[in-house]
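Numbers for residues simply follow the sequence, beginning at 1.
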Amino acid sequence: MILFLGIALLFFSTLFPPWVVFTVGKTGSTELPLGFGFLFTTPEPRTAGVHIKVDFFRLGLDWIVLLCWVVLALVHEYRSQAESDEE
C-alpha cells in the first residue's frame, strides 16, 4: 500500500510540476516561481521577454523528499512486521 501511494504521488507530482517565469531585461534576468500546473498545458507568457518553463530544481526536490518518505515508511513497515513475527 505504501509503495502504491508513493508511485501515485510521484506520478501526480510529475503530471503537475512547478513552473518558473524567467524575465529577461536590460538590467538582467529575474526568476519567479509560478506555482504548479498541468504538464501538457504550458502557461503562456503575456509579455515579450518572458519565458515559462518547468522548475526542474523544485521538481527534483519533490521527488527526493517523496522517495525518502517512501523508503522510510517501507523500512518502518518492514521492522514492524519483523517485530510482530518474533513474538
Side-chain angles (χ1 to χ4, degrees):
M1 182 66 174
I2 294 170
L3 190 59
F4 175 73
L5 181 61
I7 291 170
L9 288 173
L10 187 66
F11 173 75
F12 284 112
S13 71
T14 304
L15 193 59
F16 295 95
W19 295 92
V20 66
V21 176
F22 288 100
T23 55
V24 179
K26 295 177 182 176
T27 60
S29 63
T30 306
E31 180 180 324
L32 297 170
L34 186 60
F36 296 89
F38 188 58
L39 180 64
F40 298 110
T41 56
T42 305
E44 293 294 325
R46 295 188 179 135
T47 59
V50 174
H51 306 283
I52 300 174
K53 66 180 191 174
V54 173
D55 189 352
F56 287 105
F57 179 75
R58 283 180 35 209
L59 183 61
L61 284 177
D62 287 347
W63 286 350
I64 290 169
V65 168
L66 180 62
L67 291 174
C68 288
W69 175 81
V70 169
V71 167
L72 289 174
L74 287 173
V75 167
H76 175 71
E77 183 70 23
Y78 175 76
R79 286 185 179 172
S80 297
Q81 287 181 357
E83 287 176 3
S84 66
D85 290 343
E86 288 177 1
E87 294 176 355

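- Linking Ile, Leu, Val, Met, Phe, Trp and Tyr residues whenever their side-chain heavy atoms come within less than 4.5 Å leaves L61 and L15 in two separate clusters.
- Between W69 and V65, the closest side-chain pair of non-hydrogen atoms is not below 4.5 Å.
- Under the 4.5 Å side-chain heavy-atom criterion for Ile, Leu, Val, Met, Phe, Trp and Tyr, I2 and L66 are members of the same hydrophobic cluster.
- With values rounded to the nearest 0.5 angstrom, T23 atom OG1 is found 6.0 Å from L32 atom CG.
- Hydrophobic clustering of Ile, Leu, Val, Met, Phe, Trp and Tyr side chains at less than 4.5 Å, counting indirect connections, keeps F57 apart from W19.
- The minimum heavy-atom distance between L39 and V54, with the atom names listed, is CD1-CG2, 4.2 Å.
- Taking D62 as the reference, nothing meets the salt bridge (charged side-chain N to carboxylate O under 4.0 Å, His left out) condition, with sequence neighbours excluded.
- Checked against side-chain hydrogen bond (donor to acceptor under 3.5 Å, both in side chains), T14 has the following partners two or more places apart in sequence or in another chain: W63.
- Hydrophobic cluster membership of V71, counting Ile, Leu, Val, Met, Phe, Trp and Tyr whose side-chain heavy atoms lie under 4.5 Å apart directly or via other members: V75.
- Counting Ile, Leu, Val, Met, Phe, Trp and Tyr side chains that sit under 4.5 Å apart, directly or through other members, L72 stands alone, with no cluster partners.
- Applying the side-chain contact (heavy atoms from CB on, under 4.5 Å) test to E44 and every residue at least two apart in sequence or in another chain returns nothing.
- Pairing each heavy atom of K53 with each of F22, the nearest pair is CE-CE1, 3.2 Å.
- Atom CG of L59 sits about 10.0 Å away from atom CD1 of I64, to the nearest 0.5 Å.
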Decide side-chain contact (heavy atoms from CB on, under 4.5 Å) for L34 and D55; before the verdict, give the C-alpha distance in whole Å, the side-chain angles of both, and the deciding distance to 0.1 Å. CA-CA 9 Å; L34 186 60; D55 189 352; over 6 Å; no
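- Atom CG of residue L3 and atom CG of residue L74 lie 6.0 Å apart, to the nearest 0.5 angstrom.
- For CZ of F56, the number of neighbouring non-hydrogen atoms (other residues, nucleotides, ligands) closer than 6.0 Å is 12 at most.
- L67 and M1 fall into different hydrophobic clusters, defined by Ile, Leu, Val, Met, Phe, Trp and Tyr side-chain heavy atoms under 4.5 Å apart, directly or through other members.
- By the ring pair (Phe, Tyr, Trp, His ring centres under 6.0 Å) test, F38 pairs with F16, F40, sequence neighbours left out.
- Linking ILVMFWY residues whenever their side-chain heavy atoms come closer than 4.5 Å, directly or via other members, leaves F36 and V20 in distinct clusters.
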